[in-house]
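Structure, as structure tokens:
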Amino acid sequence: MRTSSNQWGFLSQSIIMSQYAVLSVGAKSWRCLPCLRTELRLDLTLSCGQSFRWRETGDGHWTGVMGGRVWTLTQTEDTLWYYTYSMQDSEGKVKGRKRSAEARPDGPVKRTRGMITVKEEPAEDQEPKAKTTEHDHKEEELLKDYFQLNVNLADLYKQWGTADTHFKSIAKAFTGVRMLRQDPTECLFSFICTSNNHISRIQGMLDGTPYHDFPTLQVLADSSVESCLRNLGFGYRARFLQQSARQIMDTHDLDWLDSLRSVPYLQAQEALRSLPGVGLKVADCVCLMSLDKAQAVPVDTHVWQIAQRDYRCTVGKGLKSLTDKVYRDIGNFFRELWGPYAGWAQSVLFCSDLKKFQDLKAMAVKKEEVTEVNITNKKNKKT
DNA sequence: GGCCGACCTGA
DNA sequence: CAGGTCGGC
């Protein structure tokens, strides 16, 4: 399977053509938002398996597609910087507005690795300032919505830490792990691909360059899609993808998936489970990561292991794989522990359990041991 | 209702 | 075997 090229690309319109006018922009214009690193850590949040299409394209610079635009994001201790690229169609015409020539004197230096080139646009294509402001406002709102910045993460961490000492010790090194609010269609079809699969292969299937919009329901529902995706290495999941798209098109309105945002958690979960390739785990991922169900706790083998190892949770002990009942019991166990945002808390521990972050976790554990030693010493001194 | 094997693929 | 799900006992 090719992992270097865009696996979905042939199903959707490229936003950026790789051979010419790549990331076509005018004068660079970074904009920013006040945002503490304790509220958002781009590196943790964008690479912990919620979304598979963000890439670190430069040191601390993350590039991906969201809301029909290509974004590059980076951050300092208290500021989130963002940069969007004009969208073009396949004929190379710029569809979005051209960028204004306003530049940040002290903005972060944009660095890219290889694949991305920048073409300058003539400055005369600037649009009136009023429209620019309106447009800028819309992009700021897109970003706030995607990262759910209205949710105060520091407060949640405090609550979870009070209820759960293990969380508290881990959380010190993993602040700012935040739930994204993704597009439901992209989220659903991405997570159908995760079953019985590894992360590296999932990324190979879903990530790619050049940057592109996620394929639409109509495209995915086409009968030719299964064989196409099989040829690209999607395996038996190819059929699930095509069939799920077909079923949604045949039995629901086009906005059915989006409309699940406004129905109760268990109802949304049940609705999703009617789709081929969607069991409890995938349904919970979609509920949590795109349908505003903060209490959904996706229980995979990692989370099950965390429950047993770090919480002495005996639910389902001895079983080789999760039954639906055990799955629900473990979810309830965590919901009772963490409360209505249990799914958000779960993602922090899930993140801390990833192999690539073990060095970070080791630091937290080390601090914890030191703390324990100090407490013990104090006790010893007292007695 | 719960248990078990099959399912694509490649690190 | 891997961040499951499905279909058959």
Side-chain angles (χ1 to χ4, degrees), chain A residues 1-5 7-8 44-54 177 179-180 182 186-207 225-247 269-290 296-310 315-331 334 342-358 361:
Chain A
M1 185 190 62
R2 294 171 303 144
T3 55
S4 58
S5 67
Q7 304 298 337
W8 294 101
L44 301 179
T45 302
L46 296 179
S47 74
C48 70
Q50 294 186 52
S51 174
F52 304 95
R53 293 178 347 114
W54 287 94
V177 180
M179 196 52 56
L180 302 174
Q182 301 185 62
E186 172 165 352
C187 193
L188 169 64
F189 290 93
S190 294
F191 277 94
I192 287 176
C193 297
T194 64
S195 69
N196 189 29
N197 208 346
H198 347 223
I199 296 190
S200 58
R201 192 155 81 102
I202 295 165
Q203 276 178 346
M205 296 189 305
L206 301 175
D207 183 24
V225 161
E226 182 185 341
S227 60
C228 287
L229 292 179
R230 270 187 187 271
N231 289 336
L232 290 172
F234 282 65
Y236 60 86
R237 302 165 198 87
R239 183 189 345 238
F240 291 153
L241 293 165
Q242 192 270 332
Q243 288 184 151
S244 281
R246 176 88 274 150
Q247 187 174 317
Q269 186 198 56
E270 191 186 354
L272 290 169
R273 277 241 286 169
S274 71
L275 300 169
V278 182
L280 281 174
K281 197 271 178 176
V282 170
D284 271 346
C285 285
V286 179
C287 280
L288 175 65
M289 302 175 190
S290 73
V297 178
V299 180
D300 52 38
T301 52
H302 289 255
V303 174
W304 191 18
Q305 199 180 312
I306 289 171
Q308 298 186 118
R309 184 192 62 208
D310 299 331
V315 177
K317 200 176 61 176
L319 270 61
K320 286 171 99 176
S321 62
L322 284 165
T323 64
D324 282 4
K325 171 163 170 43
V326 171
Y327 181 100
R328 291 199 165 89
D329 286 346
I330 294 174
F334 283 122
W344 288 51
Q346 170 268 358
S347 77
V348 178
L349 292 194
F350 183 87
C351 181
S352 76
D353 216 47
L354 292 174
K355 204 187 290 175
K356 60 181 162 188
F357 295 132
Q358 283 321 287
K361 186 178 181 179

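Chain identifiers are assigned alphabetically (A, B, ...) following the order of the sequence lines, protein sequences preceding nucleic acid strands; residue numbering begins at 1 within each chain.
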Next on the checklist: Tell me which pairs pass salt bridge (Lys or Arg N to Asp or Glu O under 4.0 Å) where either residue lies in residues 271-282 of chain A, with sequence neighbours left out.
Outcome noted: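 Passing the test, one end in residues 271-282 of chain A: A:Arg273-A:Asp324.
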
Next on the checklist: Suppose we call a contact any N or O donor and acceptor under 3.5 Å apart; does that hold for the side chain of A:His198 and the base of C:dG3?
Outcome noted: no

Atom-pair distance ([atom1] on [X]; [atom2] on [N]), nearest Å:
X	N	atom1	atom2	answer
A:Leu354	C:dA2	CG	C1'	14 Å
A:Leu272	C:dG4	CG	C1'	15 Å
A:Arg328	C:dG4	CZ	P	17 Å
A:Phe189	C:dG4	CZ	C1'	17 Å
A:Asn231	B:dG10	CG	P	12 Å
A:Asp300	C:dT5	CG	C1'	14 Å
A:Leu280	B:dG2	CG	P	12 Å
A:Leu241	C:dT5	CG	C1'	13 Å

Checklist entry - Given the P atoms of C:dG7 and B:dC8, what is the spacing between them in whole Å? => result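 Looking at atom P only, C:dG7 and B:dC8 are 13 Å apart.
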
Item to check | Separation of the P atoms in C:dG3 and B:dC3, to the nearest angstrom | outcome: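 Rounded to whole Å, the distance is 23 Å.
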
Checklist entry - Taking only N and O in the side chain of A:Thr301, is any of them less than 4.0 Å away from OP1 or OP2 of C:dG4? => result yes

Checklist entry - For the atom pair CZ (A:Phe350) and SG (A:Cys48), what is the distance rounded to the nearest 0.5 Å? => result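 Reported to 0.5 Å precision, the distance equals 7.5 Å.
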
Listed by chain and number, what are the salt bridge (charged side-chain N to carboxylate O under 4.0 Å, His left out) partners of [X], not counting sequence neighbours?
X	value
A:Arg239	none
A:Asp300	none
A:Asp329	A:Lys325

Item to check | For DNA chain C, the residues among residues 319-327 of chain A that have a non-hydrogen atom under 4.0 Å from it | outcome: none

Please write out the pairs of protein N or O atoms and N or O atoms of nucleotides 6-9 of chain C separated by less than 3.5 Å, giving the distance to one decimal.
from: C:dC6; atom 1: OP1; to: A:Gly277; atom 2: N; distance (Å): 3.0

Item to check | Proximity of A:Phe191 and A:Phe52 rings by center, below 6.0 Å | outcome: yes

Nucleotide N/O to protein N/O under 3.5 Å, stretch nucleotides 6-8 of chain B:
from: B:dC8; atom 1: OP1; to: A:Arg230; atom 2: NH2; distance (Å): 3.3
from: B:dC8; atom 1: O5'; to: A:Arg230; atom 2: NH1; distance (Å): 3.3
from: B:dC8; atom 1: O4'; to: A:Tyr236; atom 2: N; distance (Å): 3.1
from: B:dC8; atom 1: O2; to: A:Arg201; atom 2: NH2; distance (Å): 2.7
from: B:dC8; atom 1: O2; to: A:Arg237; atom 2: NH1; distance (Å): 2.9
from: B:dC8; atom 1: N3; to: A:Arg201; atom 2: NH2; distance (Å): 3.4
from: B:dC8; atom 1: N3; to: A:Arg237; atom 2: NH2; distance (Å): 3.2
from: B:dC8; atom 1: N4; to: A:Asn196; atom 2: ND2; distance (Å): 2.9

Could you work out, with side-chain hydrogen bond (donor to acceptor under 3.5 Å, both in side chains) as the rule, every residue matching [X], not counting sequence neighbours?
X	result
A:Gln243	none
A:Arg328	none
A:Asn197	A:Arg201
A:Trp54	A:Tyr146

Checklist entry - What closest approach, in Å, do A:Val297 and A:Asp284 show between heavy atoms, and which atom pair accounts for it? => result O-OD2, 3.5 Å

Checklist outcome for this item: On a heavy-atom basis, the closest approach of A:Ala342 and A:Phe334 is CB-O, 3.9 Å

Next on the checklist: For a 4.5 angstrom cut-off between non-hydrogen side-chain atoms, does A:Leu288 reach A:Trp344?
Outcome noted: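 They are in contact (side-chain heavy atoms under 4.5 Å apart), so the answer is yes.
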
Checklist entry - Which part of the nucleic acid, if any, lies within contact of A:Val303, taking any heavy atom under 4.0 Å across all strands shown: a base, the sugar-phosphate backbone alone, or nothing? => result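 Contact class for A:Val303: none.
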
Checklist entry - Contact class for A:Cys193 (heavy atom, under 4.0 Å): base, sugar-phosphate, or nothing? => result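 Nothing, no heavy atom under 4.0 Å.
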
Checklist entry - Can A:Val278 and A:Ile192 be said to form a side chain to side chain contact (heavy atoms under 4.5 Å, CB included), step by step? => result CA-CA 6 Å; A:Val278 182; A:Ile192 287 176; 3.9 Å; yes

Checklist entry - Where each pair must be Watson-Crick or G-U wobble with both distances under 3.5 Å, what dot-bracket representation of DNA chain B is obtained, with crossing pairs in [ ] and other-strand partners as |? => result .||||||.||.

